[in-house]
Amino acid sequence: MQAFENRLRAALTDVTGLPADDLRIENPRDPSMGDLAFPCFVLAKARKQAPPAIAAELADALNETLEGIEAVATGPYINFRVDRALLAETIIGEIEAQGARYGGGDEGAGKTIVVDLSSPNIAKPMSVGHLRSTVIGAAIQRIHDALGYKTVGINHIGDWGIQFGKLVTALDRWGAEVDLESDPIKALLALYVRYHEEEGEDPTLAEQSARNFQELESGADGHVRQTWKRLTELSMREFDKIYTRLGVTFDEVRGEAFYEPYLDATVERIEAAGVTEMSEGALIVDLSSIRKKMPPCLLRKTDGTTLYATRDLAAVFHRHELYDFDRCLYVVGGDQRLHFEQLKGVLKRMEIDWEPKVEHIAFGMMKLPEGKMSTRTGNVVFLEDVLDRAAEEAGKIIAEKNPDLANAAEIAEQVGVGAVVFNDLKREREKDIQFVWEEVLTFEGETGPYAQYTHARLASILRKAEAAGEGDADPDWAALEDAAPVIVRLGRFPSVVRSAAANAEPSEITSWVLTAARELNAWYTQHRVLGQDPAVTSARLRLVAAAKSALAGALALLGVAAPEEM
RNA sequence: GCGCCCGUAGCUCAGCUGGAUAGAGCGUUCGCCUCCGGAGCGAAAGGUCACAGGUUCGAAUCCUGUCGGGCGUACCA
């Protein structure tokens with residue numbers, strides 16, 4: 001589609017004299033109006049003419065020069081219609097030539113994108129909330145991979161902080177009462193909740209916890225550190241199970257503890273920039289010059305220990321030195337907006353020139369009907385349970401609709417997990433989403449399984465064609481006239497990928513997938529592929545194969561499997 | 001209180017960074033399997049784009065205010 005757009009831009013430059021970059025080519029509201037459109041409003045002032053008159057005049061001029069594209073003036077717009085056979089042959093040809101790489105490119109070559117994603121906390125279960133960061137971050141990374149960027153996916157594990165002092169305290173007091181081996185994370189969660197219930201009554205708990213964390217931060221390899229190590233190992237084992245199911249891998253997995261040795265140097269560096277001061281006994285960076293009333297960033301507490309912000313600053317310096325990134329994307333919930341504003345605020349005050357490359361890719365909170373999820377109060381839905389139930393549900397449907405399916409269990413997992421992942425990527429990432437079981441377990445309408453089903457149907461047609469030996473004839477591209485809207489949709493995929501990358505917005509891909517799937521379903525129910533005139537069957541089969549390939553590619557970017565049968 | 005984000009069909013959401021008659025899915029109602037898979041397809045009903053002003057050829061989109069919601073607001077992460 002880009003090729004046609006470029007030709008139009010060049011032709012429009014010739015007839016208007018405007019630079020190609022200033023010409024905005026749009027998609028017509030209704031596909032029946034045309035494949036591409038140019039609004040003439042922008043020319044009205046300079047030409048002192050009404051837009052409809054300009055459109056009519058330009059359309060005539062363009063038709064003199066354009067070959068294979070027809071320009072029609074419709075009111076203030078010029079609508080362009082690419083010759084149907086040319087359109088089909090060009091777009092399908094592109095998809096066939098590029099295969100699984102269709103939609104990708106190499107414009108990212110030489111550029112590095114760091115993506116900070118997932119970042120679960122040790123000793124806490126992965127909730128459906130962590131799903132968002134993991135799934136959105138992984139999709140953003142894959143989208144950039146496809147465009148040729150060097151990407152670095154970093155899982156920044158929350159393995160540090162005062163809560164580990166608390167956990168050690170809780171384990172020391174009540175550890176004998178729980179079973180850590182069979183389900184370590186749920187046992188630890190119970191301890192954590194209990195701790196917070198009792199902390200109010202018993203001030204010695206908080207004191208002990210503070211001492212524990214100080215010992216941990218001192219580096220002493222005693223009881224506290226040993227306990228902490230054990231917690232980390234138990235938790236990572238559980239997390240890896242989930243990452244395997246989601247098909248997510250990381251290029252770098254580091255805990256916050258990794259940055260422990262860098263903290264002093266980080267604080268010194270910020271002090272050397274002359275932006276720190278003492279306030280109420282704590283070491284801070286004042287940020288009121290960045291934005292009125294912005295709270296200061298705390299680097300050291302009164303007791304000298306560091307905070308989340310200190311460790312994140314150490315991490316961002318470390319990452320910049322290691323990767324010299326072009327963008328560093330933090331895929332972290334919107335409830336941490338202030339934290340990243342402060343992080344960037346400190347960098348700004350230090351006059352660090354790469355500060356704009358650090359971006360907070362915020363996403364909406366996952367909420368339960370009962371309110372915000374909270375590990376402290378136990379108001380959470382565990383990710384593992386969601387995946388299990390979705391796969392189970394998919395299994396039931398397979399048993400009912402396709403009982404002879406060979407690898408039913410494997411497909412049920414792909415469909416169930418696909419449904420959960422797709423559901424999470426469906427909406428614009430900044431919107432809050434409410435977790436509703438029946439919504440997650442729905443496989444009809446705008447869902448992942450619907451997209452997977454479309455893919456499976458296309459695969460099925462191709463299998464039948466293969467078995468019947470159809471599709472060898474030369475295709476009659478003109479026979480795909482009725483498929484033009486679908487073909488245009490497929491042709492737009494590369495620009496959708498680019499937009500999704502620029503906006504770090506995977507939902508642009510899901511939207512495209514759903515629209516394409518809907519249009520494909522409509523098309524193949526109206527146009528039988530097999531058993532037609534051989535030239536027609538050939539053309540339709542080429543479209544089916546191209547569409548299947550593009551759909552599979554899009555689903556791959558999202559991290560959703562594209563089964564051949566389901 | 002202050003700061004940031006948000007308000008589009010009964011519900012969940014799109015709306016291409018200011019353009020054509022505001023579109024989907026779910027739900028509701030009606031159709032469609034002698035025909036490549038009904039996790040599907042076709043159709044109907046459903047809208048004062050929260051409200052009030054403003055900017056201009058033109059606003060769901062930009063600005064201001066009001067109302068309603070979410071998140072955050074220095075020693076948690």
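Below, read A as the first sequence line, B as the second, and so on, with proteins coming before strands; counting in each chain starts at 1. Note that the structure is predicted; figures quoted are calculated from it, not measured.
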[M] and [N], which share atom name [atom1], separated by this distance in whole Å:
| N | M | atom1 | answer |
| --- | --- | --- | --- |
| B/G31 | B/C36 | P | 23 Å |
| B/G68 | B/U56 | P | 32 Å |
| B/A45 | B/A52 | C1' | 31 Å |
| B/A22 | B/C35 | C1' | 38 Å |
| B/C13 | B/G46 | C1' | 16 Å |
| B/U64 | B/C6 | P | 13 Å |
| B/U8 | B/C33 | P | 39 Å |
| B/U28 | B/G72 | P | 37 Å |

Classify the side chain of [X] and the base of [N] as holding, or not holding, a donor-acceptor pair under 3.5 Å.
| X | N | value |
| --- | --- | --- |
| A/E280 | B/A74 | yes |
| A/N79 | B/A20 | yes |
| A/N27 | B/C16 | yes |

Looking only at side-chain atoms of [X], point me to the closest of [options].
| X | options | value |
| --- | --- | --- |
| A/D335 | B/A20, B/G72, B/A39 | B/G72 |
| A/R291 | B/G72, B/G3, B/A74 | B/G3 |
| A/M566 | B/U12, B/C36, B/G37 | B/G37 |
| A/L530 | B/G38, B/C36, B/A77 | B/C36 |

**Asked** Short question: side chain of A/E217, backbone of A/E215 - any donor-acceptor pair under 3.5 Å?
**Response**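 Checking the backbone N and O of A/E215 against the side chain of A/E217, no donor-acceptor pair under 3.5 Å is found.
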
**Request:** For the residue pair A/S507 and A/E505, confirm or rule out a side-chain donor-acceptor distance under 3.5 Å.
**Result:**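 Yes, because at least one side-chain N or O of A/S507 sits under 3.5 Å from a partner of the opposite role on A/E505.
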
**Prompt:** Hey, are the side chains of A/I509 and A/L425 touching, using non-hydrogen atoms and a 4.5 Å cut-off?
**Reply:**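 A/I509 does not reach A/L425 side chain to side chain.
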
**Message:** Could you tell me if the side chain of A/L43 sits less than 4.5 Å from the side chain of A/L58, heavy atoms only?
**Reply:**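 Yes, their side chains come closer than 4.5 Å.
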
For [X], report the nucleic acid contact type (base, sugar-phosphate, nothing); a contact means any heavy atom under 4.0 Å.
| X | result |
| --- | --- |
| A/P28 | base |
| A/K367 | sugar-phosphate |
| A/L298 | base |
| A/E565 | base |

Under a 3.5 Å cut-off for both distances, is [N] Watson-Crick or wobble paired, and to whom?
| N | value |
| --- | --- |
| B/A50 | B/U66 |
| B/G42 | B/C30 |
| B/A24 | B/U12 |
| B/G1 | B/U73 |

**Message:** Measuring to OP1 and OP2 of B/C41, would you say a side-chain N or O of A/Y450 lies under 4.0 angstrom away?
**Reply:**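 So the side chain of A/Y450 is within the cut-off, an N or O lying under 4.0 Å from OP1 or OP2 of B/C41.
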
**Contact under 4.0 Å: A/K426 side-chain N or O vs B/A24 OP1/OP2** =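 The answer is no; no side-chain N or O of A/K426 sits under 4.0 Å from OP1 or OP2.
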
Could I get a table of every N or O pair under 3.5 Å where one atom is in the protein and the other is in nucleotides 25-29 of chain B?
{"unit_1": "B/G25", "atom_1": "O4'", "unit_2": "A/E446", "atom_2": "OE2", "d": "3.3"}
{"unit_1": "B/G25", "atom_1": "O2'", "unit_2": "A/E446", "atom_2": "N", "d": "3.1"}

**Asked** Start at the 5' end of RNA chain B and walk down; is the nucleotide closest to A/K293 or to A/I397 reached first?
**Response**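 Result: A/K293.
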
**Message:** By nearest heavy atom, map A/A309 and A/S507 onto RNA chain B; which one lands nearer the 5' end?
**Reply:**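 Looking at the nearest nucleotide for each, A/S507 comes out on the 5' side.
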
Protein-nucleotides 56-64 of chain B N/O pairs closer than 3.5 Å?
none

**Message:** Looking at A/E393 and A/K396, is any side-chain nitrogen of the basic one under 4.0 Å from a carboxylate oxygen of the acidic one?
**Reply:**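 So A/K396 pairs with A/E393 through a salt bridge.
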
